[in-house]
Amino acid sequence: MKPHIIAIITASLLFTSCKLVNVTDVVPVNQLEDANAITSVEKAQSALYGAYGILNGGTLAFNYYMPAAASLMGLTMDPAQMGFGYGENNVPTEDYWLESMYAGGYKLINMSNHIITKTSALSGSDPRKTRIIGEAKYLRAMSYFYLLRLFGQFYDTTSNYGLVLRLDPVKDAEVIPRSGVKAIYDVINKDLDEAIYETGEFASTFYASKIAARALKSKVLLYEGRYAEAAAMAKQVTTSRQRSLEDTFKIVFSKKTLNTKEVILQTPYDVGTNINNKAYAFNTWFVPSAYYKAFMKGDARDTMAIRVTGTRVRNGKFIAGTVDGAPANSDTEYFLRLAEIYLVQAEAIVRSGGSLDDAKAALNAIRKRALMPDITLNDRSDLLEAIRKEKVYELGAESGEEWYDLVRFANKGELDIKTFKPNFMGKDRYILPIPIKSLQASDKRVVQNPGY
């Protein structure tokens with residue numbers, strides 16, 4: 001999808017009758033008054049499918065802009081035609097990616113709120129109600145977590161710079177100020193706790209499940225600093241036997257959505273309804289950075305993660321190919337892979353004061369799959385750094401996890417981001433600014449992040 005088309009889509013979310021509106025006040029996808037309102041379990045299920053569709057289309061926030069923005073900030077991708085400003089941590093407040101990510105996140109939150117509220121009010125004891133509500137809670141938690149990492153001071157639970165918190169469907173233009181970071185984490189954790197019980201067992205990589213809720217919660221707990229709980233939750237995922245590592249690193253990205261053993265949650269795609277242009281963008285609009293190319297040298301994943309064709313160097317994880325027998329530039333987004341949860345488990349064990357042997361076992365499970373030698377370090381600081389680097393080897397130029405790790409480690413004084421980015425402008429640039437249109441529409445009740 002071309003940039004000018006995206007700008008039009010974004011603008012449609014931001015303006016109503018030519019009046020400036022708060023992008024957190026998006027209109028529900030299923031209007032409360034009309035024939036599409038949730039009046040039955042079948043319509044609730046249909047609305048839930050629409051919510052999943054937000055992950056894959058519309059604003060492209062979740063499967064394109066968020067991973068691209070974070071990867072550009074996190075040293076593994078460079079802008080070739082798009083994304084300027086993100087690599088320099090100097091994004092203008094009127095940037096259309098910014099608006100698309102912010103509006104897209106709140107669109108999913110509002111749709112989830114709509115589903116949770118209306119499905120809960122349905123009469124009858126149809127057991128599908130519980131699962132639908134649980135999956136909507138998962139999607140709401142996921143959206144708040146993704147927005148918090150980009151727009152809130154996620155690394156400081158005492159900070160007042162969290163997000164605008166909405167738990168009910170938007171009904172009017174009421175402006176709500178930002179809640180603190182701790183309040184956002186509390187909502188995320190509550191939703192995920194309930195999703196663990198209310199969603200079904202794993203059946204498809206395209207839908208939320210109990211194991212997906214546990215996997216996401218292990219990440220959230222790690223970010224929140226609740227390390228022992230994060231380690232225990234991650235262990236439930238890695239030992240569940242519901243998902244297993246692929247035999248080789250390459251297979252993860254050649255299988256894509258077909259009979260994958262490792263992926264826990266991802267977006268579907270085809271040449272019709274799910275066209276997202278991601279493979280083209282991640283090979284043309286952005287390229288592997290000089291840092292990433294140098295970093296990967298000597299690792300067995302190098303030639304798969306970075307593809308060299310003549311003089312052209314491209315991302316090897318998202319490759320334009322054939323889908324359903326037809327050429328396609330579409331691709332998936334790996335929201336959760338089992339490999340990442342092993343690394344979450346390893347870090348959480350070390351930070352909680354747990355057994356270094358257990359941490360190394362989780363780390364080396366990924367190293368073995370990559371045909372790399374075991375890590376044998378016995379110093380906690382050195383082991384933490386080895387785990388952080390392993391996440392770059394395994395997850396680089398994929399979803400930007402390495403950027404959030406840099407922020408978390410820097411905030412604890414374990415590294416200096418200027419070592420990697422000499423022109424980095426300081427702690428205020430750990431996160432992005434709130435889009436200017438939302439600030440203007442809030443009559444100053446929503447405050448901007450410091451430094452912007």
Side-chain angles (χ1 to χ4, degrees), residues 9-10 12-14 21-32 38 44 47-63 65-66 98-120 132-152 154 161-195 198-199 207-208 212-213 216-217 220 265 267 333 335 431-432 434-435 437-438 441-442 446:
I9 291 172
T10 303
S12 72
L13 291 171
L14 299 174
V21 298
N22 187 340
V23 297
T24 63
D25 288 334
V26 292
V27 177
V29 177
N30 288 67
Q31 298 295 326
L32 302 182
I38 295 174
L48 182 63
Y49 288 144
Y52 280 110
I54 295 170
L55 294 179
N56 202 43
T59 65
L60 299 183
F62 288 92
N63 75 340
Y65 292 131
M66 289 182 183
L98 205 66
E99 296 167 358
S100 183
M101 291 186 291
Y102 198 68
Y106 276 103
K107 183 178 181 180
L108 181 55
I109 288 167
N110 194 52
M111 187 62 178
S112 300
N113 289 341
H114 179 50
I115 294 166
I116 293 164
T117 301
K118 293 299 176 179
T119 306
S120 299
I132 291 168
I133 293 168
E135 290 186 40
K137 288 176 181 175
Y138 178 93
L139 293 175
R140 182 169 68 181
M142 176 181 167
S143 189
Y144 271 124
F145 183 54
Y146 275 55
L147 288 174
L148 181 64
R149 293 191 302 175
L150 286 171
F151 297 103
F154 68 90
Y161 292 96
L163 299 169
V164 173
L165 182 58
R166 291 188 180 274
L167 298 177
D168 296 301
V170 171
K171 296 179 181 179
D172 52 41
E174 178 190 5
V175 177
I176 300 175
R178 297 170 74 169
S179 295
V181 170
K182 180 64 165 58
I184 305 302
Y185 274 123
D186 287 346
V187 166
I188 293 169
N189 281 310
K190 183 175 185 294
D191 273 350
L192 290 176
D193 284 340
E194 292 173 4
E198 294 172 347
T199 55
Y207 303 109
L216 181 55
K217 179 150 190 184
V220 172
L265 184 69
T267 54
E333 168 63 14
F335 290 116
I431 56 177
L432 299 172
I434 304 296
K437 291 183 174 68
S438 187
S442 76
V446 176

Gap between atom CG of N56 and atom OH of Y52 - 0.5 Å precision: 13.0 Å
To the nearest 0.5 angstrom, please state how far the CG atom of L98 sits from the CD1 atom of I434. 8.0 Å
Could you state the interatomic distance from CZ (R140) to CD1 (I133), rounded to the nearest 0.5 Å? 10.5 Å
Y185 vs Y144 side-chain heavy atoms within contact, under 4.5 Å: no
Distance (rounded to the nearest 0.5 Å) between I54 CD1 and S112 OG: 7.0 Å
Taking R178 for its side chain and V446 for its backbone only, find out whether a donor-acceptor pair lies under 3.5 Å. no
Should H114 and V170 count as side-chain neighbours, where that means a heavy-atom distance under 4.5 Å? no
cation_pi(R149, F145) dist<6.0 Å, angle<=45: yes
Looking at D191 and Y138, would you say the former's side chain and the latter's main chain have a donor-acceptor pair under 3.5 Å? no
Can you tell me how the ring of Y207 sits relative to the ring of Y49, calling it parallel under 30°, perpendicular over 60° and tilted otherwise? tilted
Side-chain touch L192/V220, heavy atoms, less than 4.5 angstrom: yes
Taking T267 for the side chain and E333 for the main chain, is one N or O donor matched with an acceptor at less than 3.5 Å? yes
With a 3.5 Å distance limit and no angle check, can you tell me whether Y161 reaches the backbone of F151 through a side-chain donor-acceptor pair? no
Less than 4.5 Å apart, any side-chain heavy atom of F335 and any of L216? no
Classify the side-chain pair N113/R166 by whether it contains a donor and acceptor separated by less than 3.5 Å. no
With a 3.5 Å distance limit and no angle check, can you tell me whether N110 reaches the backbone of P169 through a side-chain donor-acceptor pair? no
Got S143 and F62 here, is their nearest side-chain heavy-atom distance under 4.5 Å? yes
Over all heavy atoms of both residues, which pair between A213 and A195 is shortest? Give the atoms and the distance, please. CB-CB, 4.0 Å
Do the non-hydrogen side-chain atoms of Y102 and V164 ever get within less than 4.5 Å of each other? yes
Does any part of the side chain of L163, heavy atoms only, come nearer than 4.5 Å to the side chain of S179, both counted from C-beta? no
Partners meeting side chain to side chain contact (heavy atoms under 4.5 Å, CB included) with E194 (sequence neighbours left out): K137, K190, E198
Please find the pair of heavy atoms, one from G152 and one from I431, that lie closest to each other, and give the distance. O-CG2, 3.2 Å
Just verifying a value: how many Å separate L165 CG and L148 CG, rounded to the nearest 0.5 Å? 11.0 Å
For a side-chain contact (heavy atoms from CB on, under 4.5 Å) with M142, tell me which candidate from I109, I188, L55 qualifies. L55
Close side-chain approach of I38 and T119, heavy atoms under 4.5 Å: yes
Output all residues satisfying side chain to side chain contact (heavy atoms under 4.5 Å, CB included) with A51, sequence neighbours left out; order by chain, then residue number. L108, M111, I115, L139
Within the distance-only criterion (no hydrogens, no angle test), does the side chain of Y65 pair as donor or acceptor with the backbone N or O of G104 below 3.5 angstrom? no
Distance, nearest 0.5 Å, that separates CG of L147 from CE of M66: 5.0 Å
